[in-house]
Visitor: 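Here it is: the structure, laid out below.
We're numbering straight along the sequence, starting at 1.
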Amino acid sequence: SSQRIDQPHFCPAPGVASTAMTDLSKCYLHTLGEEEAQLLADLRARVPDIVAKARAASADAAAVPEGGMTMWKVPIEKQSEASDIILLKYIRAEEKNVDKAAERITNTLVFRADCKTDELAQAELPGHFLGHDFLTGTDVDGRPVMVSRFGGMDIDSVFEDLEAFVRYRSKMMENHISLLKFEKGAAEDLTQVHDYSGVLSSMYKPSVKNGVTALSKVFEQHYPEFKGKTLFVNFPAVFSKPFQALASLLPERTRKKFVILGQDDHLTLFDHIGAELVPEGIGGLWRDPPGPAVGRAHVAVPAARGVADIEAAEVPGAGTVFWELRVCSMEVSYEVLFVPSDGGAQETIAKSEPDTPLKADDGIVCGHWFAKSPGKVVVRFKNEAAWFKKRTCVCRASFKP
């Protein structure tokens, strides 16, 4: 019989972190130090014994063909860059204690076999788990980005079955990890954005706490060193102080991975992740299916009573220009202009109506225009109605001959 995903045999509560910081900077394949290379060789030599123990502990693990044990589709028994990267994750997670790393890998192999996590990654989700999570691309550090929006969840349905909830979140983690390359020098961890806009008091229910606690134990034990950066967006003020108190108990290396953003703090969000990777519903330009404009987004911050111009795209010759823009909160006026390279008069591609400014609730405005000659596309945001506050706006444009 399959081991339940939430049973404590596989998910022991994490121990209290030591206050002393272990130097792990040379415990990555691309920065591997002499001491760390020896630890890796030690753990690598134990892999046959690790696999044998996993097979002895689990009928499902024992059923895996000889030499076929994998973790995240990486053959763990065969030496490779990818398998070395995974072993080093466990060495870092156990702060260079190879005995503990070996035991933890054994437990994870049993967990993955019994819970059939490879199959879980391909499983169809019930309707109440759909539409909350979005894999939007990779950030500037190469980390795959997943955005999870909690405000639209039916809390009772999502959290009523503890095991189903943990399996749902584990599936999303597996899908997220599948975007990693497991190559030397490439990103090894993930960026997650948790959007709390629209979250109600129902999130205080015991079923929610139980679900989050069980999930945290699974991730802590069986998904080590995958947390790169987690951004908490539109985080309710009532949660901030308790969260910060909890965070103060975490090791500094872990604490640095969390960023808490308040309501409509788009500018700081875009410092961490490009607006083209942020869903339209929380102020960005990402949507599914995508619009015709492609490439990196530009951020403009017109001051109160001010104007901000963005050179959104170069136009090398005749062809079609695709553009899109939005304001992230409140309202602005805008113009999309074409400025020809020969010094001729600029042309207006599109603009807001005089008495109808663009509002945040309007989301993304987009269009296309045919350019007859070389030049550039300029997007102008005008914050004319504001007396005191600046506005955060984003835009992008692309050219197709």
Visitor: Compare all side-chain heavy atoms of V278 with those of F270 and state whether any distance is below 4.5 angstrom.
Guide: yes
Visitor: Between D189 and K89 (salt bridge meaning N to carboxylate O under 4.0 Å), is one present in this structure?
Guide: no
Visitor: Using every non-hydrogen atom in the two residues, find where V166 and G211 come nearest and quote the distance to one decimal.
Guide: CG2-O, 4.5 Å
Visitor: Between N383 and V327, is there a side-chain heavy-atom distance shorter than 4.5 Å?
Guide: no
Visitor: If you look at every heavy atom in P144 and L180, which pair is closest and at what distance?
Guide: CD-CD2, 3.6 Å
Visitor: Less than 4.0 Å between a side-chain N and a carboxylate O, is that true for K53 and E103?
Guide: no
Visitor: Taking the basic N atoms (NZ, or NE/NH1/NH2) and the acidic carboxylate oxygens, is any pair closer than 4.0 Å for E94 and R104?
Guide: yes
Visitor: Looking at D60 and K116, is any side-chain nitrogen of the basic one under 4.0 Å from a carboxylate oxygen of the acidic one?
Guide: yes
Visitor: Give the C-alpha distance, both sets of side-chain angles, the deciding distance and a yes or no for side chain to side chain contact (heavy atoms under 4.5 Å, CB included) between E311 and V377.
Guide: CA-CA 6 Å; E311 294 186 6; V377 177; over 6 Å; no
Visitor: Is atom NZ of K96 surrounded by more than 12 heavy atoms (other residues, nucleotides or ligands) closer than 6.0 Å?
Guide: yes
Visitor: Please give me the minimum heavy-atom distance between G283 and V394, naming the atom from each residue.
Guide: O-CG2, 4.1 Å
Visitor: Relative to the ring of F232, is the ring of H194 parallel (under 30°), tilted (30 to 60°) or perpendicular (over 60°)?
Guide: perpendicular
Visitor: Do E77 and V51 come close enough that some side-chain heavy atom pair is under 4.5 Å?
Guide: yes
Visitor: When you measure from the side chain of D141 to the backbone N and O of R143, does any donor-acceptor pair fall under 3.5 Å?
Guide: no
Visitor: Hey, are the side chains of L120 and Q122 touching, using non-hydrogen atoms and a 4.5 Å cut-off?
Guide: no
Visitor: Determine whether S83 and S80 satisfy the following criterion, side chain to side chain donor-acceptor pair (under 3.5 Å), listing intermediate values before the conclusion.
Guide: CA-CA 5 Å; S83 62; S80 65; 3.2 Å; yes
Visitor: Quick one: CG on L231 to CD1 on I260, what's the gap to the nearest 0.5 Å?
Guide: 10.5 Å
Visitor: If you look only at pairs with a residue in residues 319-340, which of them pass as a side chain to side chain donor-acceptor pair (under 3.5 Å), with sequence neighbours excluded?
Guide: R287-E324, E324-R396
Visitor: Does this structure show an ion pair linking K26 with E34, if we count only N-O contacts that are shorter than 4.0 Å?
Guide: no
Visitor: Tell me the closest heavy-atom pair linking E280 and I364, and the distance in Å.
Guide: OE2-N, 2.9 Å
Visitor: State yes or no: are the ring centers of H132 and F150 separated by less than 6.0 Å?
Guide: no
Visitor: Should we say atom CG of D342 is surrounded by more than 12 heavy atoms from elsewhere, each under 6.0 Å from it?
Guide: yes
Visitor: Measure the CG-OG1 distance between L109 and T106 for me, rounded to the nearest 0.5 Å.
Guide: 6.5 Å
Visitor: Please check if the number of heavy atoms outside K359 that lie under 6.0 Å from its NZ is greater than 12.
Guide: yes
Visitor: Using only atom types and a distance under 3.5 Å, with no angle test, would you say the side chain of N210 pairs donor to acceptor with the backbone of P206?
Guide: yes
Visitor: With side chains defined as the heavy atoms from C-beta onward, is the minimum distance between T138 and L179 less than 4.5 Å?
Guide: no
Visitor: Evaluate the side chain to side chain contact (heavy atoms under 4.5 Å, CB included) criterion for residues F159 and K205: first the C-alpha distance (whole Å), next the side-chain angles of each, then the deciding distance (0.1 Å), finally the verdict.
Guide: CA-CA 9 Å; F159 288 93; K205 289 184 175 182; over 6 Å; no
Visitor: Short question: side chain of S207, backbone of E160 - any donor-acceptor pair under 3.5 Å?
Guide: no
Visitor: Which distance, rounded to the nearest 0.5 Å, do you find between the OG1 of T191 and the NE2 of H176?
Guide: 7.0 Å
Visitor: For D139 and K229, run salt bridge (charged side-chain N to carboxylate O under 4.0 Å, His left out): C-alpha distance rounded to whole Å, both residues' side-chain angles, the deciding distance at 0.1 Å, then the answer.
Guide: CA-CA 11 Å; D139 68 11; K229 183 185 295 183; 5.5 Å; no
Visitor: Test of understanding: with ring pair (Phe, Tyr, Trp, His ring centres under 6.0 Å), list the residues that count as partners of F381, not counting sequence neighbours.
Guide: none
Visitor: Does K73 pair with D118 as a salt bridge, N-O distance under 4.0 Å?
Guide: no
Visitor: Just by distance, do the side chain of R391 and the backbone of P302 share a donor-acceptor pair under 3.5 Å?
Guide: no
Visitor: Using a strict cut-off of less than 4.0 Å between a Lys/Arg side-chain nitrogen and an Asp/Glu carboxylate oxygen, indicate whether D99 and R46 qualify as a salt bridge.
Guide: yes
Visitor: Does the S341 side chain pair with the main chain of G375, one donor and one acceptor, at a distance under 3.5 Å?
Guide: yes
Visitor: Does atom NE2 of H128 have more than 12 heavy-atom neighbours, drawn from other residues, nucleotides or ligands, at distances under 6.0 Å?
Guide: yes
Visitor: Under a 4.0 Å threshold between the charged nitrogen and the carboxylate oxygen, would E81 count as salt-bridged to K184?
Guide: no
Visitor: Would one find more than 12 heavy atoms of other residues, nucleotides or ligands at under 6.0 Å from atom CZ of F370?
Guide: yes
Visitor: Tell me whether S178 contacts the main-chain N or O of N175 through its side chain, where contact means a donor paired with an acceptor under 3.5 Å.
Guide: yes
Visitor: Show your reasoning for whether side chain to side chain donor-acceptor pair (under 3.5 Å) applies to D195 and S197.
Guide: CA-CA 6 Å; D195 172 34; S197 56; 2.8 Å; yes
Visitor: Report yes or no: does K389 contribute a side-chain atom to a donor-acceptor pair with the main-chain N or O of A304 at less than 3.5 Å?
Guide: no
Visitor: Walk me through whether R305 and E384 qualify under salt bridge (charged side-chain N to carboxylate O under 4.0 Å, His left out).
Guide: CA-CA 4 Å; R305 318 298 290 178; E384 299 166 317; over 6 Å; no
Visitor: Take N107 and H222, measure what side chain to side chain contact (heavy atoms under 4.5 Å, CB included) needs, and give me the verdict at the end.
Guide: CA-CA 8 Å; N107 288 340; H222 301 302; 4.2 Å; yes
Visitor: So, are E188 and R92 salt-bridged, with charged N and O less than 4.0 Å apart?
Guide: yes
Visitor: Minimum heavy-atom separation for V307 and K382, please, with both atom names.
Guide: CG2-CG, 3.8 Å
Visitor: Out of F219, W72, Y90, which one pairs with F226 under the ring-ring contact (aromatic ring centres under 6.0 Å, His included) rule?
Guide: W72
Visitor: Is L277 close to L285 at the side-chain level, that is, under 4.5 Å between some pair of heavy atoms?
Guide: no
Visitor: Just by distance, no angles: are the side chains of Y168 and D133 close enough, under 3.5 Å, to form a donor-acceptor pair?
Guide: yes
Visitor: Would you call the rings of Y223 and F111 parallel, tilted or perpendicular if under 30° counts as parallel and over 60° as perpendicular?
Guide: perpendicular
Visitor: Within 45° of the six-membered ring axis of F322 and under 6.0 Å from that ring's centre, is NZ or CZ of K400 located there?
Guide: no
Visitor: Does the side chain of T348 come within less than 4.5 Å of V336's, by heavy atoms?
Guide: no
Visitor: Provide the closest heavy-atom pair for A82 versus V74 in the form atom of the first, atom of the second, distance.
Guide: CB-CG1, 3.6 Å
Visitor: Are any side-chain N or O atoms of T117 and backbone N or O atoms of A113, one a donor and one an acceptor, separated by less than 3.5 Å?
Guide: no
Visitor: Going by an N to O cut-off under 4.0 Å, is there a salt bridge joining R112 and E174?
Guide: yes
Visitor: Could you walk me through whether V64 and R55 pass the side chain to side chain contact (heavy atoms under 4.5 Å, CB included) test, one step at a time?
Guide: CA-CA 8 Å; V64 175; R55 291 182 180 278; 4.2 Å; yes
Visitor: Would you mind reporting whether V259 and L261 have side-chain heavy atoms less than 4.5 Å apart?
Guide: yes
